[in-house]
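See below for the structure under consideration.
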Amino acid sequence: MLALNPQHASPDPAPPMLLSRYFLPILRETPKEAEILSHRLMLRAGMIRQEAAGIYAWLPLGFRVLQRVTQIVREEMDRAGAIELLMPTLQLADLWRETGRYDAYGPEMLRIKDRHERELLYGPTNEDMITEIFRAYVHSYKELPKILYHIQWKFRDEQRPRFGVMRGREFLMKDAYSFDIDEPAARRSYQRMFVAYLRIFDRMGLKAIPMRAETGPIGGDLSHEFIILAETGESGVYCDADILGLPIPDESIDYDGALEPIVKGWTRLYAATDDVHDPARFERETPPERRVRKRGIEVGQVFYFGDKYSKPMRALVTGPDGVERPVIGGSYGVGVSRLVGALIEANHDEAGIIWPDSVAPFVVGIANLKVGDAASDTASLKLYGALKKAGIDVLYDDLDERPGAKFARLDLIGLPYQVIVGPRGLAEDKVEVKTRRTGAREMMSIGEAIARFAA
RNA sequence: CGGAGUGUGGCGCAGCCCGGUUAGCGCACUAGUCUGGGGGACUAGGGGUCGCGGGUUCGAAUCCCGCCACUCCGACCA
């Protein structure tokens, strides 16, 4: 038996989630700098604090959402067979000189010197470093395929950061890199990630549409952007309405099985952002009633880039024929911190945020409408204790405030379910369960409320 | 990077043109009383290097110069 300290041995190490002890700095008025809706709501709901242009501190509520999103991404990457590691944020300039990208990248790259005048950079992406790691250890086709990923902060010194976390300079990104012996194998890896991405966004309740994309400075010849539809999106998107109804593979998906039909199904129909949009083709391939013209937010991108990095960096593997050749690669990014903003863009109303259950910072909020009233306090605590014990993420509003303020705050922070406890309901031994998304309210006993969530 | 702006208690703003009481208002905050199912009312309080530096002046939040930070519109990006 390990010698655990008492704290670690505690049966219930989770801290109490009483609002009176939590840190949730709600803003009643909207800070003037926030233009876009998700940015305003994140500031008002006390999720983030701007520390510099495009650089944010994640406050407890926002951090919880960020962690939820991170965890979904991680689970789906793992399911697809990718392997997590963690690379540093700082990289040596010399590494980037091997691929010529140190000069090619331009002012978006934050360049730093250490005390020895060594040139460093804050990584905007990690192809060079992962290739360096790969070449140090892998030399045979027998070790392939490999998909490695990490979830790490990136920095791109955007000319004009805006839209809060949707386009910050510092942002959290999941980036995965695939290594294969040849192009057909690399395309299989690409398909794995493609399908994993369908699942990632679906689990967050987002309709993400893969669209043919330019490859940009990363390079390569096969790429898709995953775009979610939202009125405030940065780019115009055009697609076939039938894409929106395509089924998403469930968690029993066999990543070693046939993935190509799935990918084909999703890429067969027309879908393009405005920079690659071909109006003539759109009209030729899509019947008028199925032509969707909307705005979208890019939340992920997958690239196949072949030997673009492995060749200059001499990341070589020996094939079954005994011949050494550059490993064939792809890279696959998800904007994790951007997703938090995108989720709000896709899930809100006049009163505030409406979190999908899967990413909600807390699933249930308990509002004690009359703190200090014995019946209300007892009922609220009973609910709180039972839900916590059942493993439900619950936030208990135990502040001595007026009901209106509590309702407004709970609506703003967007917890999927509210349990409203007050003298009026308790007179009949009931509490009210409100579903944030629909506004539906239902009176039920405390036992029924517990069963409802703890099921 | 081109263009346009803004910096005044935690937040939103007024004051600046035309220099001169103790820099003001709403919200928030503190104490108390009454309240209590959609951001309550009253009373009494606390809190400000007016972004930073220099200059003009008897006197600068206010005029002049320089710098910094931030925002918005456009071209570019997870």
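Order of the sequence lines sets the chain letters (A, B, ...), proteins ahead of strands, with each chain counted from 1. What you see is a predicted model, and the numbers here were worked out from it, not measured in a lab. The figures that follow rest on heavy atoms only: side chains count, while hydrogens, waters and symmetry mates do not.
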Within residues 429-436 of chain A, residues whose heavy atoms come under 4.0 Å of RNA chain B
A:E432, A:K434
Does A:E225 reach a base, just sugar-phosphate, or nothing at all? Heavy atoms under 4.0 Å.
nothing
Considering only B:C77, B:G38, B:C27, which nucleotide approaches the side chain of A:E29 most closely?
B:C27
Among B:A78, B:G37, B:C73, which nucleotide has an atom closest to any side-chain atom of A:R167?
B:A78
So the ring-ring contact (aromatic ring centres under 6.0 Å, His included) pairs with at least one residue in residues 328-354 of chain A (sequence neighbours excluded) are none
By the Watson-Crick or G-U definition, both distances under 3.5 Å, B:G20 is matched with B:C58
For B:A41, what is the paired nucleotide under Watson-Crick or G-U wobble rules, both distances under 3.5 Å?
B:U33
Which of the following nucleotides, B:G38, B:G37, B:G74, is nearest to the side chain of A:R441?
B:G38
Anything under 3.5 Å between a donor and an acceptor, one on a side chain of residues 353-360 of chain A, the other on a protein residue two or more places apart or in another chain? List them.
{"from": "A:W355", "atom 1": "NE1", "to": "A:I413", "atom 2": "O", "distance (Å)": "3.0"}
{"from": "A:D357", "atom 1": "OD2", "to": "A:Y417", "atom 2": "OH", "distance (Å)": "3.3"}
{"from": "A:S358", "atom 1": "OG", "to": "A:R203", "atom 2": "O", "distance (Å)": "2.6"}

Distance between the P atoms of B:G5 and B:C27, in whole angstroms?
33 Å
Which one is paired to B:G2, where only Watson-Crick or G-U wobble pairs with both distances under 3.5 angstrom count?
B:C73
I want to verify a distance call: between B:G36, B:C73, B:A78, whose nearest atom is closest to the A:F171 side chain?
B:A78
Is the backbone N or O of A:K146 less than 3.5 Å from a side-chain atom of A:Y177, with the two atoms forming a donor-acceptor pair by type?
no
Are A:R402 and B:G36 close enough that a side-chain N or O sits under 4.0 Å from OP1 or OP2?
no
Sorted by position of nearest nucleotide on RNA chain B, 5' first, the leading residue of A:I36 and A:D400 is A:D400
For A:D94, enumerate each residue passing the salt bridge (charged side-chain N to carboxylate O under 4.0 Å, His left out) test, keeping only those at least two apart in sequence or located in another chain.
A:R97
Classify the side chain of A:D411 and the base of B:G38 as holding, or not holding, a donor-acceptor pair under 3.5 Å.
yes
How far does the C1' atom of B:U33 sit from the matching atom of B:G38, given to the nearest Å?
24 Å
Identify all pairs in which a protein N or O lies below 3.5 Å from an N or O of nucleotides 1-6 of chain B, and state each distance.
{"from": "B:U6", "atom 1": "O2'", "to": "A:K32", "atom 2": "NZ", "distance (Å)": "3.3"}

Partners meeting ring-ring contact (aromatic ring centres under 6.0 Å, His included) with A:Y122 (sequence neighbours left out)
A:F155
By salt bridge (charged side-chain N to carboxylate O under 4.0 Å, His left out) - contacts of A:R135 (at least two apart):
A:E98
Residues two or more places apart in sequence or in another chain: which of them pass salt bridge (charged side-chain N to carboxylate O under 4.0 Å, His left out) with A:R49?
A:E51
A:W266, A:F201, A:F226, A:Y304 screened by ring pair (Phe, Tyr, Trp, His ring centres under 6.0 Å) with A:F194, the one that passes
A:F226
Could you note down all residue pairs passing salt bridge (Lys or Arg N to Asp or Glu O under 4.0 Å) where residues 228-238 of chain A supplies at least one of them, sequence neighbours left out?
A:R167-A:E234
Just to be sure I understand the geometry, which residues of residues 37-75 of chain A put a non-hydrogen atom under 4.0 Å away from RNA chain B?
A:R44, A:Q50, A:A52, A:A53
B:G66 - base-pair partner by Watson-Crick or wobble geometry, distances under 3.5 Å
B:C52
Any residue meeting salt bridge (charged side-chain N to carboxylate O under 4.0 Å, His left out) with A:R192, in chain and number order, not counting sequence neighbours:
A:D256
With sequence neighbours excluded, give me every salt bridge (Lys or Arg N to Asp or Glu O under 4.0 Å) pair touching residues 441-454 of chain A.
A:E432-A:R441, A:E442-A:R452
Sticking with atom P, work out how far B:A28 lies from B:A41, rounded to a whole angstrom.
8 Å
Proximity to the side chain of A:P403 - top-ranked nucleotide from B:A78, B:C72, B:G37:
B:G37
Donor-acceptor pair, side chain of A:S223 and main chain of A:V302, under 3.5 angstrom:
yes
